[in-house]
Amino acid sequence: MQAGIVMFPGTNRERDMALALQRATGRKPAMLWHRDTELPAGTDLVVLPGGFSYGDYLRCGAMAAQSPIMRAIHDFAGRGGHVLGVCNGFQMLVEAGLLPGALLRNASLRFLSMDCHLRVERTDTAYTCRFQRGQVFRSTMAHGDGNYFADAATLDRLEGEGLVALRYATASGEVTEAANRNGSARNIAGILSPNLRVLGLMPHPENQVDPLIDGTDGLPLFEGLAEALAAA
Ligand SMILES: NC(=O)CC[C@H](N)C(=O)O
C-alpha cells in the first residue's frame, strides 16, 4: 500500500502518522505538501494528519480545505480512493465537504488533552477490519474543537446508514455522557463516507502503535488498512 501524508503550515503530527503507517505497511509514506496539485501515481491512501493548520485561523481546517491539494483529494475520493483525516484532518474533511457536519468548540470551551476510549461500531471497512464489532480501544484526544455537530436529519442518516465508525465510550464499552468529554452529538468520535472509504476521527490512533511508548491499541487501524489496501 502506498500512502501519502499531506502537510500544511502548522501541521504537527505528520511524523507520528508516518511511523504508524510504516510500522503497519513496511513502506515509507510519501510526504506531500499543501501546494501540490497532484497526488503521486499509485497512491492508495491519503492521510490528513493532526495539527494546527494555518494556526486554526478562521475555523480549524477552514483554510487548509481551500489548499491546492484539496482539489486532487476531492478527485481521488470521487474515484473511490481512501482518505483518512485525524483530528485537524477530520476538521479539514468536513470543511472541504467530504464529510458532513462540523467540529465545534469543545463543550467545556477548554482544550482537551487526555486519554479516551473508543467503541468500534462497524468492522467491514478498511479502517476497522482488524477490530471486533463493539471492541473498545484506548486512544488520545488533543483538541480544542472536537465537538461533533450535525443537524438531527444528518445524524439520523449517519446512524441509519451505519456511517458512525467510532464512539466515545467507557473502558467497558458503555456510551455515556461522562465518556463524551468534548460534547459530541451522539458520542460520535469518527464518521465514514457512504462508500466507507473516507474516515474522519478526532482521536489519535497513531499515538498507540509502539509497546514502548503508549501501547499498541491504535495499531489494528493501520494494520487493517495495510491488509485491505494491499489486496485492493
Ligand atoms: N491535534 C489536533 O489536530 C488539533 C486540531 C485543532 N487545532 C484543534 O485544536 O481542535
Side-chain angles (χ1 to χ4, degrees), residues 3-21 29 31-34 45-67 69-70 73 83-118 127 137-150 165-168 179-192 198-210 213-215 217-218 221-222 225:
I5 300 176
V6 187
M7 291 179 290
F8 301 81
T11 294
N12 66 7
R13 301 307 311 280
E14 74 279 7
R15 295 271 149 210
D16 310 87
M17 188 58 77
L19 283 173
L21 286 163
M31 303 309 279
L32 311 177
W33 187 230
H34 65 114
L45 170 73
V46 174
V47 182
L48 301 171
F52 294 76
S53 57
Y54 298 93
D56 288 344
Y57 187 66
L58 294 181
R59 285 185 310 278
C60 299
M63 294 193 55
Q66 305 303 318
S67 296
I69 200 163
M70 278 296 172
I73 295 173
V83 183
L84 170 64
V86 171
C87 202
N88 196 215
F90 184 13
Q91 295 164 338
M92 291 175 204
L93 289 173
V94 300
E95 288 287 344
L98 282 161
L99 290 173
L103 278 311
L104 307 182
R105 298 297 305 278
N106 295 338
S108 62
L109 302 184
R110 288 174 185 273
F111 190 96
L112 295 175
S113 177
M114 56 180 58
D115 280 5
C116 58
H117 286 90
L118 301 175
Y127 304 96
F137 68 99
R138 192 172 60 80
S139 191
T140 316
M141 58 162 74
H143 55 245
D145 294 38
N147 178 358
Y148 184 73
F149 171 85
L166 300 164
R167 279 184 226 270
Y168 299 108
N180 186 19
R181 299 299 296 272
N182 57 27
S184 289
R186 303 190 193 179
N187 283 50
I188 290 173
I191 57 170
L192 292 152
V198 179
L199 172 68
L201 76 162
M202 283 314 290
H204 291 272
E206 74 276 17
N207 281 23
Q208 285 84 28
V209 296
D210 187 325
I213 298 178
D214 192 24
D217 270 32
L221 186 143
F222 300 99
L225 273 170

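Predicted, not measured: the structure shown is a model, and the values here were computed from it. Order of listing sets the numbers, starting from 1, for every ligand and every atom in it.
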Within the 4.0 Å heavy-atom shell around [X], which atoms of ligand 1 are there?
X: G50; result: 3 (O)
X: H204; result: 1 (N)
X: G144; result: 8 (C), 9 (O), 10 (O)
X: F111; result: 9 (O)

- Message: Less than 3.5 Å apart, any donor N or O on the side chain of N182 or S184 sitting next to an acceptor on the other?
- Response: yes
- Side-chain donor-acceptor contact under 3.5 Å, R167 with N180: no
Top protein contact for [atom], by heavy-atom distance:
atom: atom 5 (C) of ligand 1; result: G51 O, 3.2 Å
atom: atom 6 (C) of ligand 1; result: Q91 OE1, 3.4 Å
atom: atom 7 (N) of ligand 1; result: D56 OD2, 2.8 Å

- Message: Please report whether ligand 1 has a polar contact with V86, defined as an N or O pair separated by less than 3.5 Å (distance criterion only).
- Response: no
- Considering distance alone, does some N or O of A142 sit under 3.5 Å from an N or O of ligand 1? yes
- Item | Euclidean distance, L103 CG relative to R59 CZ, rounded to 0.5 Å | 11.0 Å
- Check N88 against ligand 1 and report side chain, backbone, both or neither, counting heavy atoms closer than 4.0 Å. both
- Message: So, applying side chain to side chain contact (heavy atoms under 4.5 Å, CB included) with H204, which one of C116, P49, C87 is it?
- Response: C87
- Task: Give me the ring orientation class for Y148 and F90: parallel if the planes are under 30° apart, tilted from 30 to 60°, perpendicular past 60°.
- Result: parallel
- Message: Check contact between G146 and ligand 1, using heavy atoms of the residue and a distance below 4.0 angstrom.
- Response: no
- Only heavy atoms count here, so choose which of C60, C87, G85 is nearest to atom 2 (C) of ligand 1. C87
- Are there more than 12 heavy atoms of other residues, nucleotides or ligands under 6.0 Å from atom CZ of F111? yes
- E14 side chain to M31 backbone, donor-acceptor under 3.5 Å: no
- Charged N to carboxylate O under 4.0 angstrom, R138 versus D214? yes
